[in-house]
Amino acid sequence: MAQQYTAADGEILNATAARLGEQIAAREVSSVEVTRAFLDRIAAVDDTIGAYLHVGADAAIAAAERADAAVAAGEAASPLTGVPIALKDVFTTVDAPTTCGSKILEGWVPPYDAAVTEKLRAAGLPILGKTNMDEFAMGSSTENSAYQVTRNPWDTDRIPGGSGGGSAAALASLSAPLAIGTDTGGSIRQPAAVTATVGVKPTYGTVSRYGLVACASSLDQGGPCGRTVLDTALLHEVIAGHDPRDSTSIDAPVGDLVAAAKTGAAGDLSGVRIGVVKELSGEGYQPGVLASFEAAVKELTDRGATVVEVTCPHFTYALGAYYLILPSEVSSNLARFDAMRYGLRVGDDGSHSADEVMALTREAGFGPEVKRRIMIGTYALSAGYYDAYYGQAQKVRTLIARDFAAAFETVDVLVSPVTPTTAFKLGEKVDDPLAMYLFDLCTLPVNLAGVAAMSVPSGLSDGLPVGLQIMAPALADDRLYRVGAAYEAARGPIAP
Ligand code: GLN
């Protein structure tokens, strides 16, 4: 059954984005043909998978025609010109609705493009559509979307991860060769891990948040998703860069990512120091996940890397700190959905005051998880509790950043599993928020510290994908690609 969704006939669907870009540049195939092939694939499988909330076929074909014209004129803007892409529905797009998986934004078409959207358009990547997500990026399974369930292409009874399950499922079901996600606490890496795709959470501040609808602004970061490490590097170079419209944007280079992926693919890791994070494995982890992780560490050692165990004692508190800081920021950011400015408005019939319209709209427009976090955040920030909750969590955040800094004094990258288990069944954790939160155990420290990390497939456990997490210091994203590509080459293909 999985094979039906994770494999398909057709050279175009199976090709890497790097290869498609080369073929389009050489005019061996047109962007229109490639884009059509993916639109046909979406039409064939997405009723079952549910990766897309909106498919923009006409706009995608028009963009593909422009890409073909640019190539013909010798004016291709990037190595990915003409290669289509799926965009998480949290980035604004002037020509398509942007709902963030929420009823409160149903039908809202933004008046401007996000910086990431602009960059994709400028580089000539046709946007196939907007992908499903947990409401406002809060969740670990995409089941918190107000619109639809997304199924894991490896086993359609299981979750595709979250909150960016739509982007990961689009890649794994061969319904897109590239995708964009956002990672506030793991929403790129965790879906990548459970769908055997690659996802990178860039250094905080290196991909503009302009037009990325905010979940938790000090944690949110857009990033690239692909089926190979090189494809992900190519996309990362398209979307990274300083943007004065984002006040937290960093004006500094992140290194030569594509070159690092190519160096890594040659396979030699001698001289690279890798730290295994002691706190991110062991009890509570599925044996198959641990076995896969151990095998990955052995591959890295065989490639010449020096591997040592590293301790990051405060990582144990990451979950508690994250689930105070994130809701606090959410409670403030989501105040803008006030029934006056965007999307839904309930009770506007002349019989209700403005306050009542606001309350009725927020009651009807937000789902249970969003409401839960707004309430937790409001509580954590309230007078009398601020120091005990929010203030304390910020201190823990600093200690976690210091753990990373100390570790990176002795190693170049850190590694761990991405998730404690493989994909769970749809419905299994929806009524148990804490169990859902625990699925993010390994990914949260990275966001709290603002460093960079990748999830790269590390094989299957009982037929389900497992991911290897690689973590690098801020602005050393190139190390992820070097080590990730070396590991990918050593590991070989993952067969369903
Ligand atoms: N699953 C985490 C949460 O629910 C992370 C979400 C994300 O990265 N957007 O907050």
Side-chain angles (χ1 to χ4, degrees), residues 87-91 100-102 116 131-146 150 159-168 179-195 199-202 204 207 209 212-225 318-331 333-334 366-377 380 393 397 418-421 423-424 428-430 432-455 467 469:
L87 183 59
K88 190 175 180 182
D89 200 29
V90 68
F91 289 93
C100 301
S102 182
V116 166
T131 53
N132 196 26
M133 56 186 283
D134 285 300
E135 187 173 6
F136 288 107
M138 295 175 219
S140 308
S141 66
T142 311
E143 291 166 293
N144 294 339
S145 166
T150 299
I159 57 116
S163 66
S167 287
I180 296 284
T182 61
D183 195 310
T184 301
S187 286
I188 288 176
R189 288 163 287 157
Q190 186 255 71
V194 299
T195 57
V200 167
K201 183 260 177 226
Y204 181 77
V207 173
R209 290 186 298 107
L212 159 60
V213 181
C215 174
S217 313
S218 77
L219 300 160
D220 295 342
Q221 189 61 186
C225 311
L319 193 89
Y322 175 88
Y323 278 100
L324 284 167
I325 292 168
L326 176 133
S328 299
E329 295 189 23
V330 159
S331 72
N333 276 331
L334 270 60
F366 288 140
E369 183 62 26
V370 170
K371 287 177 183 155
R372 180 179 296 121
R373 297 205 194 182
I374 290 173
M375 286 188 284
I376 293 173
R397 186 174 191 171
V418 183
T419 54
T421 69
F424 49 88
E428 195 179 309
K429 298 191 202 279
V430 268
D432 188 349
L434 203 55
M436 193 71 94
Y437 300 167
L438 281 164
F439 200 53
D440 303 323
L441 211 58
C442 310
T443 50
L444 302 173
V446 162
N447 302 79
L448 289 166
V451 299
M454 169 186 282
S455 174
Q469 178 167 238

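Just so you know, ligand 1 is whichever comes first in the structure, and atom 1 is the first atom listed for that ligand.
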Student: Let me know which of Gln221, Arg189, Lys201 forms a side-chain hydrogen bond (donor to acceptor under 3.5 Å, both in side chains) with Asn447.
Tutor: Arg189
Student: For the residue pair Tyr437 and Tyr323, does the interplanar ring angle fall in the parallel (under 30°), tilted (30 to 60°) or perpendicular (over 60°) class?
Tutor: parallel
Student: Could you check whether Ser140 and Asp440, counting side-chain N and O atoms only, form a donor-acceptor pair closer than 3.5 Å?
Tutor: yes
Student: With only distance considered, is Gly139 within less than 3.5 Å of ligand 1 through an N or O on each side?
Tutor: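 Right, the criterion is met.
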Student: So, regarding Gly162 and ligand 1 (criterion: nitrogen or oxygen to nitrogen or oxygen, under 3.5 Å), is there a contact or not?
Tutor: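 Among all N and O atoms of Gly162, none is under 3.5 Å from an N or O of ligand 1.
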Student: If you have a sec, work out which protein heavy atom is nearest atom 3 (C) of ligand 1 and how many Å separate them, to one decimal?
Tutor: Tyr323 OH, 3.2 Å
Student: With distance as the sole test, does Gln469 use its side chain to make a donor-acceptor pair with the main-chain N or O of Cys442 at under 3.5 Å?
Tutor: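 Indeed, once roles are kept as given, a pair shorter than 3.5 Å links the two residues.
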Student: Is there side-chain contact between Met133 and Cys100, with heavy atoms separated by less than 4.5 Å?
Tutor: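 Of all side-chain heavy-atom pairs linking Cys100 with Met133, at least one is under 4.5 Å.
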Student: If we only consider heavy atoms of Cys215, is any one of them less than 4.0 Å away from an atom in ligand 1?
Tutor: no
Student: What protein heavy atom is closest to atom 2 (C) of ligand 1, reported as residue, atom name and distance in Å?
Tutor: Asp440 OD2, 3.1 Å
Student: In terms of residue, atom name and distance, what is the protein heavy atom nearest to atom 6 (C) of ligand 1?
Tutor: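 The closest heavy atom on the protein side is Ser187 OG, 2.9 Å.
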Student: Does Arg373 reach ligand 1, in the sense of a heavy atom lying below 4.0 Å from it?
Tutor: yes
Student: Under the 3.5 angstrom rule, does the side chain of Asp134 hit a backbone N or O of Glu143 as a donor-acceptor pair?
Tutor: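 Checking the backbone N and O of Glu143 against the side chain of Asp134, a donor-acceptor pair under 3.5 Å is found.
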Student: Heavy-atom distances under 4.0 Å decide this one: backbone, side chain, both or neither, for Thr184 against ligand 1?
Tutor: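 Under 4.0 Å from ligand 1, Thr184 contributes backbone and side-chain atoms.
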Student: Pull out every atom of ligand 1 sitting under 4.0 Å from any heavy atom of Ala137, numbered as shown with elements.
Tutor: 6 (C), 7 (C), 9 (N)
Student: Using a 4.5 Å cut-off on heavy atoms from C-beta on, say whether the side chain of Val330 contacts that of Phe136.
Tutor: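 The answer is no, as the side chains (C-beta and beyond) never meet within the 4.5 Å cut-off.
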Student: Using distance alone, decide if ligand 1 has a nitrogen or oxygen within less than 3.5 Å of any nitrogen or oxygen in Tyr322.
Tutor: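 It does: an N or O of Tyr322 is found under 3.5 Å from an N or O of ligand 1.
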Student: Go through ligand 1 atom by atom and flag the ones less than 4.0 Å from a non-hydrogen atom of Gly185.
Tutor: 5 (C), 7 (C), 8 (O)
Student: For ligand 1, does Ser163 get within less than 4.0 Å through its side chain, its backbone, both, or neither, judged by non-hydrogen atoms?
Tutor: side chain
Student: Any donor and acceptor pair, going by atom type alone, linking the side chain of Gln190 with main-chain N or O of Gly162 inside 3.5 Å?
Tutor: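 Side chain of Gln190 to backbone of Gly162, a donor-acceptor pair under 3.5 Å: yes, one is there.
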Student: Ignoring hydrogens and angles, state whether a donor on the side chain of Asn333 or Ser217 is under 3.5 Å from an acceptor on the partner side chain.
Tutor: yes
Student: Look only at interatomic distance and state if Leu326 has a nitrogen or oxygen under 3.5 Å from any nitrogen or oxygen of ligand 1.
Tutor: no
